[in-house]
Every structure is written in C-alpha cells, then in structure tokens.
Novice: 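To start, I am sharing the structure in question, which I have written as structure tokens.
Below, chains carry the letters A, B, ... as their sequence lines are ordered, and counting in each starts from 1.
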Amino acid sequence: MSSDNTSDGSFRQRVFQVVAAIPPGRVATYGTVARLAGSPRAARQVGGVLCRLPEGSLLPWHRVINRHGLISLTGDDALRQHTLLQAEGITAGLATPIDLQHCGWSGD
DNA sequence: ACCGTGACCCCAT
DNA sequence: TATGGGGCCACGG
C-alpha cells in the first residue's frame, strides 16, 4: 500500500537492506547505495550509518566504497576493509582503484 | 526544536 | 597533478 516503497521507517534501516543486497565479489559506491535507499544526495549519510554500525553486524559494509573505486576509510579500518574485499576476490581498493565497470553493482 | 558532525561528492584555484 | 572549500542530507546530543 503505498504509492511509494518508503514504508520501512528510518533511512538507516533502508541502508542496511541495500547494503545487505550487494552480492559477494561486487561493490557499490556510497552514492549508489544512497540512491537505492531513496536519497541520491545522501551519500554522506550512508557513510555515517556504516560508521555507527554495531560490531556484531553481519552487514557487508566492506562492499561499500567511494565513487573513485577506493576505500574511504583511513588507518587500520582501511586495511580491515581491504582484507575483507580480498576475501571476496577483490585485490584492489586500498591504493589501486577497483574497476567499477566490472565489479560495480547498481542494484541488478 | 536547534546545532554540530561526518566511512561523500563536485567545483574552483 | 594536488589541495581547499562548499553543498547535501540524516542522526546524535
């Protein structure tokens, strides 16, 4: 019921659902996640939500990168994300940009 | 209800 | 080619 599918509640919950839908071996940019979440201009907020993720979350947050195909985190967190991406078959993102044309996911 | 914050993105110098 | 500043939107205190 609804003319819109925005019946989930908070934007944060929506980001969880979108990120959880990213297939293994693929990555999505913050802008893409924001767009699929219903707010194409809220790319920044997507990072804010992931930053506040609980430690036990099964959400594949590591599959979310910036529009340059690089990891936006810094320090140990960046290395942690890079390691998780390696486990997905992606050996780039830390210093070498990920090929978004090959690994990029747009909600298919 | 107001202000500050931020894992972004875009443009100008 | 690198660096800086501004705009955007949602969330916490």
Novice: Do you know which two heavy atoms are closest between A:Leu94 and A:His82, and how far apart they sit?
Specialist: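 Smallest interatomic distance, heavy atoms only, reads CB-CD2, 3.6 Å.
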Novice: Do A:Ile65 and A:Gln81 come within less than 4.5 Å of each other through their side chains, counting heavy atoms only?
Specialist: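 Yes, close enough: below the 4.5 Å cut-off.
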Novice: Test your reading of the model: is there a side-chain donor-acceptor pair from A:Arg14 to the backbone of A:Ala37, 3.5 Å cut-off?
Specialist: yes
Novice: Rounded to whole angstroms, how far apart are CZ on A:Phe11 and P on C:dC9?
Specialist: 11 Å
Novice: Picking from A:Leu100, A:Ile22, A:Val33, what satisfies side chain to side chain contact (heavy atoms under 4.5 Å, CB included) with A:Trp105?
Specialist: A:Ile22
Novice: May I ask you to list the residues of residues 23-53 of chain A, by number, that have any heavy atom positioned under 4.0 Å from an atom of DNA chain B?
Specialist: A:Tyr30, A:Gly31, A:Ala43, A:Arg44, A:Gln45, A:Gly47, A:Leu50, A:Cys51
Novice: Atom CZ of A:Arg14 and atom P of C:dC11: how far apart are they, to the nearest Å?
Specialist: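 The distance from CZ of A:Arg14 to P of C:dC11 comes to 11 Å, rounded to the nearest Å.
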Novice: Going 5' to 3' along DNA chain B, between which two nucleotides do contacts with chain A fall, using a heavy-atom cut-off of 4.0 Å?
Specialist: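 Terminal contacting nucleotides, 5' to 3': B:dG6 to B:dC10.
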Novice: Which residue in the set A:Asn66, A:Leu70, A:Leu85 passes side chain to side chain contact (heavy atoms under 4.5 Å, CB included) when paired with A:Ile98?
Specialist: A:Leu85
Novice: What is the distance from atom NE2 of A:His68 to atom OG1 of A:Thr29, rounded to the nearest 0.5 Å?
Specialist: 10.5 Å
Novice: Going by heavy atoms in the side chains, are A:Arg26 and A:Pro24 under 4.5 Å from each other?
Specialist: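 Side-chain contact under 4.5 Å: no.
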Novice: Heavy-atom distance under 4.5 Å between the side chains of A:Leu59 and A:Val15, does that happen here?
Specialist: no
Novice: Any residue in residues 60-79 of chain A with a heavy atom nearer than 4.0 angstrom to DNA chain B? Just list them by number, or reply none.
Specialist: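 Listed by number, they are A:Trp61, A:Asn66, A:Arg67, A:Ser72, A:Leu73.
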Novice: How long is the span from the SG atom in A:Cys51 to the CD atom in A:Gln45, to the nearest 0.5 Å?
Specialist: 10.5 Å
Novice: Looking at CD of A:Glu88 and NE2 of A:His62, how far apart are the two atoms once the value is rounded to the nearest 0.5 Å?
Specialist: 4.0 Å
